[in-house]
S.K.: 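Here it is, the structure, as structure tokens.
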2 protein chains.
Amino acid sequence: MKDLLSKTILKWSETLHKECLPHISIDCVVFGFHNNSLKILLLELIRENTWSLPGGYIKKVENMDDAAHRILQERTGVRDIFLNQFKTFGKFHRSEGFFKEFDDSFWLKQRFISVGYYALIDYTSVTVRNDEFSHSSKWIDVSKTPTLMMDHNQIFQEALAQLRRDLNYKPIGLNLLPEKFTMPELQKLYEAILGKKLNRGNFFRKMKRYGILTKLEETRKGGAHKAPDLYCFNLEVYNKALENGLQENW
Amino acid sequence: MKDLLSKTILKWSETLHKECLPHISIDCVVFGFHNNSLKILLLELIRENTWSLPGGYIKKVENMDDAAHRILQERTGVRDIFLNQFKTFGKFHRSEGFFKEFDDSFWLKQRFISVGYYALIDYTSVTVRNDEFSHSSKWIDVSKTPTLMMDHNQIFQEALAQLRRDLNYKPIGLNLLPEKFTMPELQKLYEAILGKKLNRGNFFRKMKRYGILTKLEETRKGGAHKAPDLYCFNLEVYNKALENGLQENW
DNA sequence: CCAAAAGTGTTGAACTTACACCCATGA
DNA sequence: TCATGGGTGTAAGTTCAACACTTTTGG
């Protein structure tokens with residue numbers, strides 16, 4: 001076991017042991033929206049063909065939610081990320097296999113219970129940074145995710161399911177889109193999350209009825225066709241509406 | 001610090017240290033339904049006026065979900081409890097205060113991140129057992145909960161909120177009611193969870209439309225008035241219906 | 001001019017809410 | 001007989017799905 005990943009983990013073991021709580025980790029499913037499709041941020045580890053969700057550990061004197069924010073800020077450069085804790089994964093064997101051939105003294109080989117968060121990020125505001133464990137970070141379409149390490153595929157699937165359930169209860173559009181967006185973009189986002197086509201006219205009317213959008217004076221110039229109107233969210237109405245949830249049936 | 005609670009904790013410290021994962025605990029909000037009102041199971045600790053949610057720790061070689069089941073089985077005697085993990089609580093200061101005056105060597109004084117589960121139990125099938133830390137266990141109406149230790153009031157509130165959201169997605173009636181029940185009982189359960197009155201005729205029609213109930217030949221004799229019909233759930237239809245959720249609007 | 005975007009109209013079905021009314025029946 | 005439970009009727013209002021039609025406008 002002398003590959004680069006092993007060496008890197010060994011190097012970090014002592015620091016992690018000193019600073020972080022043992023047995024508890026955080027895994028993040030970071031959603032972004034680009035080119036009309038929903039994507040998640042995946043890391044390719046410095047060991048070949050090993051994909052992982054971004055994650056990290058909780059410092060001994062740090063709130064758990066703060067740890068999740070810190071982990072993602074280090075990774076994406078974005079402050080004030082919208083984060084939602086959705087489930088904690090605690091199977092005894094969940095990381096078995098992955099660290100099999102590592103030395104038992106490796107801090108990362110201990111049993112971990114992992115708290116899952118999903119994050120919503122405006123794709124355009126992210127500059128991904130790699131760390132010592134990962135040589136590349138990529139946005140991957142949710143329908144084309146590769147096999148991930150440990151139980152990360154399951155964690156991702158549960159995050160996506162929760163995202164769907166949360167669509168009418170959390171400011172999902174607000175956090176996945178840039179400040180200004182067009183109606184077709186918003187519709188495509190909803191379609192991507194729900195995994196089905198929606199009727200344009202009805203979608204328009206429904207959004208209008210909610211009253212959560214403010215139509216701006218500007219339009220988006222430069223496209224090949226008619227310039228679509230730009231909208232932004234009316235934060236006051238949006239947040240108030242979410243208290244009781246929007247409509248259920250799509 | 002020589003009161004009974006301190007002594008008991010000290011006595012258990014070594015065993016817990018050997019057998020359980022540090023820094024991780026489980027707290028359970030156990031819901032039951034009795035006398036037309038929704039109740040939760042609370043423990044009165046052997047220190048006076050200290051109320052707590054039932055909880056415990058995860059063994060080093062045990063799945064987290066199994067730990068939750070074990071903890072509740074020891075407490076209630078019920079196997080196969082319906083359990084739903086709803087949120088994990090990880091504030092750094094969440095247990096601060098409570099163990100302030102305890103010796104630092106106490107295993108329970110370390111920082112804990114607590115995984116919250118809510119449980120649904122048929123009230124009639126429970127025989128509560130106390131343990132060395134609690135001298136009594138009581139079912140308390142959700143609207144009359146006392147002040148609980150640490151952040152347990154918050155944990156309870158979040159469990160109740162999640163229970164409401166889950167009403168159309170989880171077999172909540174099935175797990176809170178005895179096998180056979182009457183339509184007024186089912187309606188009272190829904191009213192208790194949602195915290196509002198529902199129209200009887202419409203409730204009846206809605207349940208009928210779902211097709212999740214099977215009307216039995218028997219009636220419940222012995223009441224002061226007309227004997228109400230007994231129903232049970234049609235498990236096949238019920239489970240299938242829950243896959244996509246029932247209706248939203250109550 | 002064309003294709004995309006914006007906006008409106010319509011229709012039937014389904015569902016909700018809020019009543020009211022009738023019948024059955026156990027003690 | 002009377003309070004409770006069971007069951008149905010109805011009317012108004014809302015929402016949704018599906019479809020079609022018109023208008024606008026950038027390049």
Side-chain angles (χ1 to χ4, degrees), chain A residues 35-36 164 167-169 173 177-178 180-191 194-233 241 244-250, chain B residues 35-36 164 167-169 173 177-178 180-192 194-234 241 244-250:
Chain A
N35 281 139
N36 287 340
R164 282 193 184 134
L167 190 53
N168 292 303
Y169 296 91
L177 292 172
K180 301 169 184 180
F181 52 88
T182 68
M183 194 60 84
E185 282 166 358
L186 184 62
Q187 183 176 348
K188 290 289 182 189
L189 172 61
Y190 272 69
E191 290 177 345
L194 295 167
K196 63 176 174 186
K197 290 271 171 211
L198 301 173
N199 179 280
R200 189 185 55 80
N202 296 336
F203 183 84
F204 173 81
R205 251 182 300 229
K206 193 161 187 170
M207 284 296 156
K208 195 171 156 192
R209 186 155 30 91
Y210 289 151
I212 59 175
L213 298 180
T214 303
K215 189 173 176 174
L216 303 171
E217 296 300 313
E218 321 157 60
T219 55
R220 171 161 299 164
K221 309 274 184 186
H225 309 289
K226 177 184 176 184
D229 298 344
L230 282 169
Y231 292 84
C232 68
F233 284 100
N244 299 313
L246 303 173
Q247 284 309 313
E248 172 73 359
N249 307 316
W250 284 101
Chain B
N35 281 139
N36 287 340
R164 281 194 185 133
L167 190 53
N168 292 303
Y169 296 91
L177 292 172
K180 301 171 183 178
F181 52 89
T182 68
M183 194 61 85
E185 282 167 358
L186 183 62
Q187 184 176 345
K188 290 289 181 187
L189 172 62
Y190 272 68
E191 290 177 347
L194 295 167
K196 64 177 174 185
K197 290 272 169 209
L198 302 173
N199 179 281
R200 188 184 56 79
N202 296 338
F203 183 85
F204 172 81
R205 254 181 300 229
K206 193 161 186 169
M207 284 297 155
K208 193 173 157 192
R209 188 156 28 98
Y210 289 151
I212 59 176
L213 298 180
T214 304
K215 187 173 175 173
L216 304 172
E217 296 299 314
E218 321 157 60
T219 55
R220 171 161 298 163
K221 309 275 183 184
H225 308 288
K226 177 181 176 183
D229 298 345
L230 283 169
Y231 291 83
C232 68
F233 283 100
N234 181 331
N244 299 313
L246 302 173
Q247 284 309 314
E248 172 74 357
N249 307 317
W250 284 100

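Per chain, numbering begins at 1; letters A, B, ... match sequence-line order.
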S.K.: What is the distance, to the nearest angstrom, from the NE2 atom on B:His225 to the C1' atom on D:dT4?
M.R.: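 So the NE2-C1' distance, B:His225 to D:dT4, works out to 5 Å.
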
S.K.: Could a donor-acceptor pair under 3.5 angstrom be found where the side chain of B:Arg200 meets the base of D:dG6?
M.R.: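 Side chain to base: pair found, below 3.5 Å.
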
S.K.: Taking all heavy atoms of A:Leu213 and all of A:Leu186, pick out the closest pair and write down the distance.
M.R.: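 In this case the closest contact between A:Leu213 and A:Leu186 is CD1-CD2, 4.0 Å.
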
S.K.: With a 4.0 Å cut-off on N to O distance, would you call A:Lys196 and A:Glu191 a salt bridge?
M.R.: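 Salt bridge flag = no for A:Glu191 with A:Lys196.
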
S.K.: Rounded to the Å, how far apart are B:Lys226 NZ and D:dG5 P?
M.R.: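 After rounding, the reported distance stands at 10 Å.
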
S.K.: Tell me whether the OP1 or OP2 atom of C:dT8 has a side-chain N or O from A:Lys208 closer than 4.0 Å.
M.R.: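 Result: yes.
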
S.K.: Between P on C:dA4 and CZ on A:Phe203, what's the gap in Å once rounded to a whole number?
M.R.: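 One finds 19 Å between P of C:dA4 and CZ of A:Phe203, rounded.
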
S.K.: Can you work out whether B:Tyr231 or A:Asn202 has the more 5'-proximal nearest nucleotide on DNA chain D?
M.R.: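 Nearest nucleotide further toward 5': that of B:Tyr231.
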
S.K.: Among D:dG7, D:dA17, C:dA5, find the nucleotide with the atom closest to the side chain of A:Pro184.
M.R.: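 Nearest to the side-chain atoms of A:Pro184, counting from C-beta on, is C:dA5.
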
S.K.: Specify the separation, in whole Å, of atom CZ of A:Arg205 and atom C1' of C:dT8.
M.R.: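 My rounded result for the distance is 7 Å.
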
S.K.: Can you find an N or O donor on one side and an acceptor on the other, under 3.5 Å apart, linking the side chain of A:Asp229 with the base of C:dA5?
M.R.: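 Not at all, since no donor on one side and acceptor on the other fall under 3.5 Å apart.
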
S.K.: Measure the distance from CZ on A:Phe204 to C1' on C:dA4 and round it to the nearest whole Å.
M.R.: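 Those two atoms, CZ and C1', are 15 Å apart.
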
S.K.: What heavy-atom pair brings A:Arg220 and A:Lys180 nearest, and what distance separates the two atoms?
M.R.: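 Heavy-atom minimum between the residues: NH2-O, 3.7 Å.
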
S.K.: Provide, to the nearest angstrom, the distance between the CZ atom belonging to B:Arg220 and the C1' atom belonging to D:dG6.
M.R.: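 The answer, rounded to whole Å, is 16 Å.
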
S.K.: Could you check whether the side chain of A:Asn199 and the base of D:dA17 have a donor-acceptor pair of N or O atoms closer than 3.5 Å, going by distance alone?
M.R.: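 For A:Asn199, whose side chain was compared with the base of D:dA17, there is no donor-acceptor pair (under 3.5 Å).
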
S.K.: Using modelled atom types only, decide if a donor and an acceptor are shared between the side chain of A:Glu218 and the backbone of A:Leu230 within a distance under 3.5 Å.
M.R.: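 No, because the side chain of A:Glu218 does not come within donor-acceptor range (under 3.5 Å) of the backbone of A:Leu230.
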
S.K.: Can you name the nearest heavy-atom pair linking B:Tyr231 to B:Met183, along with the distance?
M.R.: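 Nearest heavy atoms, B:Tyr231 then B:Met183: CZ-CE, 3.7 Å.
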
S.K.: Tell me whether the OP1 or OP2 atom of C:dC15 has a side-chain N or O from B:Lys206 closer than 4.0 Å.
M.R.: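 Indeed not, no polar side-chain atom of B:Lys206 lies that close.
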
S.K.: Specify the separation, in whole Å, of atom CD of B:Glu218 and atom P of D:dG5.
M.R.: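 Distance check: B:Glu218 CD to D:dG5 P gives 18 Å.
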
S.K.: For the pair made of NZ in B:Lys215 and C1' in C:dA24, what is the distance, rounded to whole Å?
M.R.: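 So the two atoms are 11 Å apart, to the nearest Å.
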
